[in-house]
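Please read the structure below before turning to the comments.
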Number of protein chains: 2
Amino acid sequence: MARTAYHHGDLHQQAHDQALAVLRLEGDGAISLRAIAKQIGVSAPALYRHYADRESLLAELAISGFAALRQQLLSVDQHAPRAALIGIGLAYVAFAQSEPNLYRLMFGGRVLPKGAHPRLDQAGLDAFNVLQDTIARGQRAGYLKPAPLALMTATAWSLVHGLSQLTIDGHLPNAGAEPQLAEGITSLLLEGAIAPTHNHIDNNEDTP
Amino acid sequence: MARTAYHHGDLHQQAHDQALAVLRLEGDGAISLRAIAKQIGVSAPALYRHYADRESLLAELAISGFAALRQQLLSVDQHAPRAALIGIGLAYVAFAQSEPNLYRLMFGGRVLPKGAHPRLDQAGLDAFNVLQDTIARGQRAGYLKPAPLALMTATAWSLVHGLSQLTIDGHLPNAGAEPQLAEGITSLLLEGAIAPTHNHIDNNEDTP
DNA sequence: GCTCCAAGTTAACGGTGTTAACATTGGCAT
DNA sequence: ATGCCAATGTTAACACCGTTAACTTGGAGC
């Protein structure tokens with residue numbers, strides 16, 4: 001269908017773009033269907049031909065966000081296990097810091113309840129799997145402990161997600177731009193927090 | 001001022017309680033000043049005698065949430081360093097899981113921007129300091145590496161916060177009630193993720 | 001007893017998401 | 001070529017929302 005004065009022809013994409021722009025500047029709470037429609041030059045109910053409701057529009061933004069995150073994680077060099085792990089962590093946090101409002105939307109359980117948008121859940125899983133694959137590679141290379149994969153990925157994901165969220169929201173005193181923090185944290189996880197003197201104690205699991 | 005038909009006398013507290021009830025059941029997005037006023041049996045603008053705006057009411061809920069979290073963290077036994085650290089982590093995640101909507105409000109940077117409510121920021125710091133003190137104790141006992149305190153607390157907080165958020169939102173496959181996950185994760189951080197064979201490599205910092 | 005002020009009231013403004021009912025029009029089958 | 005149909009717009013309206021202005025009530029202190 002061509003674009004005429006009546007039939008817009010590109011409403012879906014333009015609404016998406018406009019919503020993303022508002023999201024970046026003011027956060028998801030500021031996204032208003034009526035305002036977007038007015039900006040595009042269309043009546044508000046017209047949006048309902050392309051999005052079931054406001055939440056569906058937000059879900060689509062989050063989906064494209066997960067795709068972008070996945071791409072950023074996929075671009076990390078996977079040659080050396082340790083460098084790959086640290087690189088993934090840095091890339092993850094860098095994404096969150098470069099798109100704070102989008103990241104908050106993607107992981108804001110309150111606005112996009114899990115299970116309500118299957119494509120969104122899948123997009124999240126796709127991104128998550130990049131992280132998981134990196135860890136599995138590290139294990140196959142013998143670099144990481146042979147602990148259960150689910151446990152290790154949960155740990156790594158928790159760490160980078162928590163760090164992202166806390167720095168984004170300004171809760172960490174050292175929130176600034178320094179990637180030194182992210183790198184230090186990742187190293188700490190890899191090498192452990194226990195002092196070497198104690199490190200031979202309590203290793204009663206997963207060590208051959 | 002006594003409570004008559006006109007002068008309510010307990011409006012502030014009742015509004016707080018009612019808002020907390022709605023928050024627990026349906027999340028902060030469902031908190032409506034008009035609905036709360038109607039429930040209490042008062043006109044909507046009456047609330048503005050006690051709260052500057054909706055956000056101030058939410059901030060007060062979050063403040064009491066941080067106080068509750070702090071109390072829960074303070075109740076952890078601090079006798080043995082390792083047990084204290086794991087206990088703090090478990091208590092933190094347990095709080096988030098028992099009050100998911102409150103936890104989301106406390107850390108939802110979008111609805112309560114940092115800096116807008118000083119008392120809220122202070123409440124968050126008070127809770128954070130319990131975690132920091134536990135780590136400092138672990139260092140003084142020689143159990144933890146003498147890495148910079150800020151780095152270690154940022155790591156620990158990121159880990160427990162990320163785990164809380166991910167389990168709350170159902171992103172972790174193993175999200176269920178098992179504290180086994182939280183304990184495994186905490187142990188992994190303490191002992192490190194690198195296989196023992198590699199553990200003597202790359203330790204070029206913080207080891208005396 | 002009078003006054004003042006804290007704490008309520010109603011009315012109203014501008015905004016929101018969403019639905020119902022109607023209008024336009026491009027593409028496809030005849 | 002024509003006529004229908006489904007997709008895609010429109011306007012009007014409903015039920016909310018947060019918030020402010022202007023007014024009223026009534027208890028506490030001089």
Side-chain angles (χ1 to χ4, degrees), chain A residues 1-23 25-62 101 105 108 110-113 116-117, chain B residues 1-23 25-62 101 105 108 110-113 116-117:
Chain A
M1 183 163 291
R3 52 193 68 186
T4 73
Y6 198 92
H7 286 327
H8 187 286
D10 195 32
L11 208 165
H12 191 98
Q13 181 64 37
Q14 275 191 239
H16 181 107
D17 296 348
Q18 178 65 25
L20 184 57
V22 174
L23 172 68
L25 289 178
E26 312 180 53
D28 56 78
I31 293 180
S32 148
L33 295 190
R34 296 183 100 119
I36 288 175
K38 181 174 291 183
Q39 191 84 19
I40 297 182
V42 94
S43 73
L47 292 175
Y48 286 82
R49 300 293 175 187
H50 303 269
Y51 299 96
D53 49 17
R54 193 185 107 109
E55 194 180 278
S56 296
L57 171 55
L58 297 185
E60 195 169 281
L61 296 180
N101 286 333
L105 173 63
R110 102 184 101 223
V111 41
L112 291 175
H117 301 272
Chain B
M1 183 165 292
R3 55 193 66 184
T4 72
Y6 199 95
H7 285 326
H8 188 286
D10 195 30
L11 208 164
H12 190 99
Q13 182 65 36
Q14 274 191 239
H16 180 108
D17 296 347
Q18 178 66 24
L20 184 57
V22 174
L23 171 68
L25 289 178
E26 313 179 53
D28 56 79
I31 293 180
S32 148
L33 295 191
R34 296 182 101 119
I36 288 176
K38 180 174 293 184
Q39 191 84 17
I40 297 182
V42 95
S43 74
L47 292 175
Y48 288 81
R49 300 290 175 187
H50 303 270
Y51 299 95
D53 49 19
R54 193 185 105 107
E55 195 179 279
S56 296
L57 171 55
L58 297 184
E60 194 170 282
L61 295 181
N101 286 332
L105 173 64
R110 103 185 99 222
V111 39
L112 291 175
H117 302 270

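Computation of the quantities below employed the complete heavy-atom set of this structure, encompassing side-chain atoms and omitting hydrogens, waters and symmetry-equivalent molecules. Predicted model only: the values in this text are computed from it and were never measured. We name chains A, B, ... by the order of the sequence lines, and we start the count at 1 in each one.
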When rounded to the nearest 0.5 Å, the distance separating OG of S32(B) from CZ of R54(B) is 8.0 Å

Are any non-hydrogen side-chain atoms of D28(B) and R110(A) less than 4.5 angstrom apart? yes

With five pairs defining each end axis, the helix from dG1(C)-dC30(D) to dT30(C)-dA1(D) comes out bent, to 10°, by 10°

So CG of L20(B) and CD1 of I31(B): to nearest 0.5 Å the spacing works out to 8.0 Å

When you compare the side chain of Q39(A) with that of V22(A), does any pair of heavy atoms fall below 4.5 Å? no

Discussion item. Under 4.0 Å from OP1 or OP2 of dT16(C): is there any side-chain N or O of S32(A) that close?
Written reply: yes

When rounded to whole Å, the CD to P distance for the pair Q14(B) and dA7(C) reads 15 Å

Of the candidates dG17(C), dA11(C), dG9(D), the side chain of L33(A) sits closest to dG17(C)

Residues A62(B) and L105(B): closest non-hydrogen pair is N-CD2, 4.1 Å

Of the candidates dG9(D), dT19(D), dG8(C), the side chain of A46(A) sits closest to dG9(D)

Q.
Evaluate H12(B) against E60(B) for side-chain hydrogen bond (donor to acceptor under 3.5 Å, both in side chains), listing each step before the verdict.
A. CA-CA 11 Å; H12(B) 190 99; E60(B) 194 170 282; 3.0 Å; yes

Are L57(B) and L47(B) side-chain neighbours, meaning at least one heavy-atom pair lies under 4.5 Å?
no

#### Entry: Under 3.5 Å donor-acceptor pair, R34(A) side-chain atoms to dG17(C) base atoms
yes

Within residues 48-57 of chain A, the residues having a heavy atom closer than 4.0 Å to DNA chain D are R49(A), H50(A)

Notebook entry, point to check: Hey, does I36(B) reach any base, or is it just sugar-phosphate, or nothing, if we go heavy atoms under 4.0 Å?
Noted result: nothing

Among dT10(C), dG18(D), dT10(D), the one nearest any side-chain atom of S43(B) is dT10(C)

- Is the closest side-chain heavy-atom distance between E55(B) and H117(B) below 4.5 Å? yes

To the nearest angstrom, the CG-C1' distance between D28(B) and dC17(D) comes to 15 Å

To the nearest angstrom, the NZ-C1' distance between K38(B) and dA15(D) comes to 11 Å

Interatomic distance, CG@L33(B) vs CD@Q18(B), rounded to 0.5 Å, equals 12.0 Å

I31(A) CD1 to dT16(C) C1', in whole Å, measures 14 Å

